[in-house]
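Report on one structure; see the data block that follows.
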Amino acid sequence: MSEYQLTVKRKLSEEERQALYEKHWPVLQRLASRYLPMVDTSRGMPCRVEFVDALRGSWLLDKRDDRPPYEDVVSGAGFAFGMLLAELLAMEWCLIEDTFGESISMVKFGSRPEATYREVSVPPFSYVAKRKDTQNVEVFADGMRKFEEMIKG
């Protein structure tokens with residue numbers, strides 16, 4: 001079996017990042033108003049991983065008939081997680097390509113020539129999508145710790 005390989009095709013442009021915002025921010029706000037109504041997101045999202053864990057955890061516990069589809073959680077929580085990775089770990093929105101095709105990923109580029117940390121890629125939407133049935137409500141806190149360790153080596 002060959003080792004997983006990915007290529008960073010390019011960093012997303014300002015226009016592409018704005019398009020992501022316009023697509024995913026309204027979904028994130030709807031989820032926040034439903035599950036965390038005490039949090040004011042009118043000026044932005046709290047820069048805390050616990051916010052995203054609470055959102056996803058509340059969705060897991062929601063047994064109402066009108067519970068939003070998991071695709072909304074992938075959209076809103078994935079976007080929020082990407083914003084956290086950018087803010088807390090200085091990762092950048094990029095288009096990557098791997099054996100599965102192209103996708104949006106957060107990338108931390110290693111510094112050269114010193115290589116004081118490793119390059120790390122985290123696809124935030126896929127990260128959420130793959131955890132639909134995971135009962136651990138701290139998947140984002142756990143992920144953030146893991147990614148920080150990977151970056152620092």
Side-chain angles (χ1 to χ4, degrees), residues 1-12 16-36 38-41 44-62 67-111 115-153:
M1 180 179 232
S2 64
E3 186 176 314
Y4 175 78
Q5 298 273 326
L6 72 86
T7 302
V8 176
K9 295 188 82 170
R10 60 184 168 75
K11 294 178 184 178
L12 295 187
E16 290 169 315
R17 290 191 309 273
Q18 182 63 33
L20 281 176
Y21 177 85
E22 289 170 6
K23 177 178 180 181
H24 300 289
W25 180 254
V27 179
L28 174 58
Q29 283 196 301
R30 281 194 306 273
L31 291 171
S33 67
R34 178 180 177 114
Y35 295 120
L36 303 171
M38 70 298 277
V39 178
D40 178 11
T41 59
M45 180 192 80
C47 192
R48 299 184 53 86
V49 72
E50 294 85 1
F51 170 78
V52 189
D53 276 329
L55 238 130
R56 184 185 162 279
S58 296
W59 180 89
L60 279 171
L61 297 171
D62 188 352
R67 178 173 87 163
Y70 195 66
E71 291 76 22
D72 285 2
V73 178
V74 171
S75 171
F79 184 65
F81 192 47
M83 290 191 308
L84 285 173
L85 291 167
E87 182 69 27
L88 300 176
L89 299 181
M91 297 180 87
E92 299 184 56
W93 291 96
C94 294
L95 178 65
I96 65 163
E97 183 175 43
D98 61 16
T99 53
F100 304 106
E102 291 183 347
S103 64
I104 302 295
S105 191
M106 301 305 297
V107 177
K108 177 72 172 185
F109 293 97
S111 61
T116 56
Y117 52 83
R118 290 186 239 158
E119 291 181 15
V120 175
S121 174
V122 180
F125 300 107
S126 296
Y127 183 84
V128 179
K130 292 178 181 177
R131 285 158 179 80
K132 180 177 183 178
D133 298 320
T134 302
Q135 295 302 305
N136 173 11
V137 294
E138 294 182 345
V139 295
F140 298 105
D142 292 347
M144 190 66 77
R145 280 189 296 276
K146 177 183 172 187
F147 303 136
E148 191 170 28
E149 288 172 11
M150 289 169 65
I151 289 169
K152 294 181 178 178

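- For the pair Val137 and Gly57, the tightest heavy-atom approach, listed with the atom from each and the gap, is CG1-CA, 3.8 Å.
- Evaluation of the salt bridge (charged side-chain N to carboxylate O under 4.0 Å, His left out) test over residues 44-54, restricted to residues two or more places apart or in two chains, returns Arg48-Glu50.
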Assess whether side chain to side chain contact (heavy atoms under 4.5 Å, CB included) is satisfied between Val107 and Ile96, documenting all intermediate values. CA-CA 9 Å; Val107 177; Ile96 65 163; 4.1 Å; yes
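- Using a 30° and 60° split on the angle between ring planes, Phe79 and Trp25 fall in the perpendicular class, above 60°.
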Test side chain to side chain contact (heavy atoms under 4.5 Å, CB included) on Leu89 and Met144; report intermediate values, then the result. CA-CA 9 Å; Leu89 299 181; Met144 190 66 77; 3.6 Å; yes
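- Within the 3.5 Å criterion, the main-chain N or O of Arg30 finds a donor-acceptor partner in the side chain of Ser33.
- Nearest heavy atom pair, residue Pro124 against residue Gly82, reads CB-N, 3.8 Å.
- Atoms CG and CG, from Leu28 and Leu55 in turn, are 6.5 Å apart once rounded to the nearest 0.5 Å.
- Side-chain contact between Phe109 and Cys94 is present, with heavy atoms from C-beta onward closer than 4.5 Å.
- To the nearest 0.5 Å, the span separating NZ on Lys108 from CD1 on Ile151 amounts to 5.5 Å.
- The nearest pair of heavy atoms linking Leu85 to Phe147 is CD2-CD1, 4.2 Å.
- The minimum heavy-atom distance between Asp62 and Pro68, with the atom names listed, is OD2-CD, 4.2 Å.
- Applying the side-chain hydrogen bond (donor to acceptor under 3.5 Å, both in side chains) rule to pairs touching residues 130-146 yields Asn136-Asp142, Asp142-Arg145, sequence neighbours excluded.
- Once rounded to the nearest 0.5 Å, the distance linking CG of Leu12 with CD1 of Ile104 reads 4.5 Å.
- Separating the CG atom in Leu84 from the SG atom in Cys47 is a distance of 5.5 Å, to the nearest 0.5 Å.
- Between the side chain of Arg67 and the main chain of Trp59, a donor-acceptor pair closer than 3.5 Å is present.
- With sequence neighbours excluded, no residue satisfies ring-ring contact (aromatic ring centres under 6.0 Å, His included) with Phe51.
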Under the side chain to side chain contact (heavy atoms under 4.5 Å, CB included) rule, what do Phe125 and Ser105 come out as? Steps first, then yes or no, please. CA-CA 8 Å; Phe125 300 107; Ser105 191; over 6 Å; no
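- Closest approach of Val27 to Gly76, counting heavy atoms only: CG1-N, 3.9 Å.
- Rounding to the nearest 0.5 angstrom, the gap separating the OG atom in Ser121 from the CE atom in Met150 is 9.0 Å.
- Residue pairs meeting the side-chain hydrogen bond (donor to acceptor under 3.5 Å, both in side chains) criterion with at least one member in residues 75-88, sequence neighbours excluded, are His24-Ser75.
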Trace of the side chain to side chain contact (heavy atoms under 4.5 Å, CB included) decision for Met106 with Trp93: CA-CA 5 Å; Met106 301 305 297; Trp93 291 96; 3.3 Å; yes
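- Lys9 NZ to Ser103 OG: the interatomic distance, rounded to the nearest 0.5 Å, is 11.0 Å.
- Salt bridge status for Arg10 with Glu92: absent, with no side-chain N to carboxylate O gap under 4.0 Å.
- Partners of Lys23 under the side chain to side chain donor-acceptor pair (under 3.5 Å) rule, at least two apart in sequence or in another chain, do not exist in this structure.
- For the pair Val139/Tyr127, a side-chain contact is recorded, criterion being any heavy-atom separation below 4.5 Å from C-beta on.
- Between Met83 and Met45, the shortest heavy-atom distance links the atoms CE-SD, 3.6 Å.
- Tyr35 is linked by a ring-ring contact (aromatic ring centres under 6.0 Å, His included) to nothing, counting only residues two or more places apart in sequence or in another chain.
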